[in-house]
Amino acid sequence: MSIKNNRLTTAEYEENFTDIHPPFETPDAALVEANRCLFCYDPPCMKSCPTSINVPKFIKQIATENLKGSAHTIFSSNIMGAGCSKVCPVEKLCEGACVYNLMHETPIHIAKLQRYSTEKAMDNNWQLFERKPSTGKRVAIIGAGPAGLSCAHTLSREGIDVTIYEKESKGGGLMTYGIAAYKVTPEFCEDEVNYITSIGGIDIKYNQELGKNVTVEELKRNYDAVYLAFGVGLARQLDIAGEHLEGVEDAIKFIYELRNNDYSKIAVGDKVAVIGMGMTAIDAATQAKRLGASDVTLVYRRTQDEMPCTEHELNIAKLDGCKIIWLAAPKEIKGDNGKVSQLVCDVMKLGDPDESGRRSPVVSGETFTLEVDMVIKAAGQMPFETLVKNNSFENNKGKVAVTDKALTNQEGVFAGGDCVNGGREVVDAVQAGKDGAAAIVKYLFGQDYILDCELKPTFNN
Ligand code: SF4
């Protein structure tokens, strides 16, 4: 057993990491699917979307071959509508709420339809929004991830000039650096950032890290308002013996490296254990398999009923040949010459519900051992607690504490997305960015000001 790179041929890497979302084969296929929609009154699909995309409206627009209108409807609510159509857990959001489920029929393929019109818009560089005349106001945003970009686009539409300070060399945040490459390719992420900023009035300064290259105090002095959207940090520690051994990896770092390098450069073990069962755990496990690991096992301390990932995600892992061990928690990592050789796990059983409402795992007293050469930690992410505290922000278990959706304890400083909620879906971050922009606009122009994005969506074609 060993950890090594270059396990596959170029063709195999390419095949393993191609986009898993096949588009409609023909425009007619999209039309047929759009015409299945019942265009429900009071549509549950729209209510279950965190950004409230008017689903029946955009599908009706596809059905009437008004693709520009359809893309406009989607982007009006969610400027990352193209990316979200690839990464949203739609089976627990819009598609899970579609009335077809009640009839035990396949729900409308909302994500695929959304992808159909938004990708057309991006491919043709359709400019669907106009910036209002400049107001002379300037806002600084920390982080060019989904929350930061969504906030920036909403502010730009209102005639506000935005400067985004991004610590990485590319924008997109979690989309670019934290999601499996076969769901969103690096090229797509770059195109999406360029498409969003093409409205104008948004300047992204790359390789600028808060606390290192730029400070909150400096931004407060130089801008009319500041929005914090710096996300969350590395994976939570396991706090078990052997965590320091060579071969123990952080899932976020593993995926980050994979998204930043040629696949052949990423080393992976023969036998890999991944701790956790969230989306990051699934992405790490499936990508380890696709990099050429012969054996990948997901270890989760609860059962399938409590898992944070969706059924769809679980099925991707199963189809990739990943094994799953339920009711098992890491107890100790053993090594040989400083390198991982075994993972000892406690067998768990379910006890009473914890604060999350899920039955909590309790040690049963039994253990088992897995022979592994790599352990990937994906049991949640840590907030940037030091950054929050060093900048004198009120914190909520290390996250930025806000009131009224986006207000921090400092005048003129707002926050949203993962740095506030600890890490949710991309679509939640997009909505947080809109909420942040609304709070900033009302701070700058008064509470009665109504933003374009706040105008009530209509169902007219
Ligand atoms: Fe169409 Fe389903 Fe939404 Fe009804 S619930 S509007 S059928 S997508």
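Indexing begins at 1, ligand by ligand and atom by atom, following the structure's order.
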**Q** State, without any angle test, whether Thr135 and Glu158 hold a side-chain donor-acceptor pair at a distance under 3.5 Å.
**A**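 No - no donor-acceptor pair under 3.5 Å links their side chains.
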
**Q** Is the closest side-chain donor-acceptor distance between Glu313 and Thr310 under 3.5 Å?
**A**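 Short answer, no.
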
**Q** Whether the side chain of Ser360 engages the backbone of Asp352 through a donor-acceptor N/O pair (distance < 3.5 Å, no angle test) should be reported.
**A**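 Yes; judged by distance alone, with no hydrogens or angles, the pair exists.
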
**Q** We want to know whether Asn315 and Glu311 form a side-chain donor-acceptor pair, criterion being a heavy-atom distance below 3.5 angstrom.
**A**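 No pair is found: no donor N or O on one side chain lies under 3.5 Å from an acceptor on the other.
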
**Q** Near Val99, which atoms of ligand 1 are under 4.0 Å from a heavy atom of that residue?
**A**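 In order of numbering, the contacting atoms are 2 (Fe), 4 (Fe), 5 (S), 7 (S).
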
**Q** Which heavy atom of the protein is the closest neighbour of atom 4 (Fe) of ligand 1, given with residue, atom name and distance?
**A**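 In this structure, atom 4 (Fe) of ligand 1 has Cys40 SG, 2.3 Å as its nearest protein heavy atom.
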
**Q** Is Cys45 close enough to atom 1 (Fe) of ligand 1 to have an N, O or S atom under 2.8 Å?
**A**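 Not a single backbone or side-chain N, O or S atom of Cys45 is under 2.8 Å from atom 1 (Fe) of ligand 1.
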
**Q** Looking at Thr176 and Gly171, would you say the former's side chain and the latter's main chain have a donor-acceptor pair under 3.5 Å?
**A**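 Side chain of Thr176 to backbone of Gly171: a pair is present.
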
**Q** Measure the SG-CE distance between Cys309 and Met277 for me, rounded to the nearest 0.5 Å.
**A**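 It comes to 6.0 Å.
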
**Q** Give the residue and atom name of whichever protein heavy atom lies nearest to atom 1 (Fe) of ligand 1, and the separation in Å to one decimal.
**A**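 Nearest neighbour among protein heavy atoms for atom 1 (Fe) of ligand 1, to 0.1 Å: Cys37 SG, 2.3 Å.
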
**Q** Can you name the atoms of ligand 1, numbered from 1 with element, that are less than 4.0 Å from a heavy atom of Leu38?
**A**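 Heavy-atom distances to Leu38 below 4.0 Å select 1 (Fe), 7 (S).
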
**Q** For atom 8 (S) of ligand 1, which candidate among Asn101, Ile108, Asn54 holds the nearest heavy atom?
**A**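 Answer by nearest heavy atom: Ile108.
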
**Q** Any idea which protein heavy atom is nearest atom 2 (Fe) of ligand 1, and the distance to it?
**A**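 Going by distance alone, atom 2 (Fe) of ligand 1 is nearest to Cys98 SG, 2.5 Å.
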
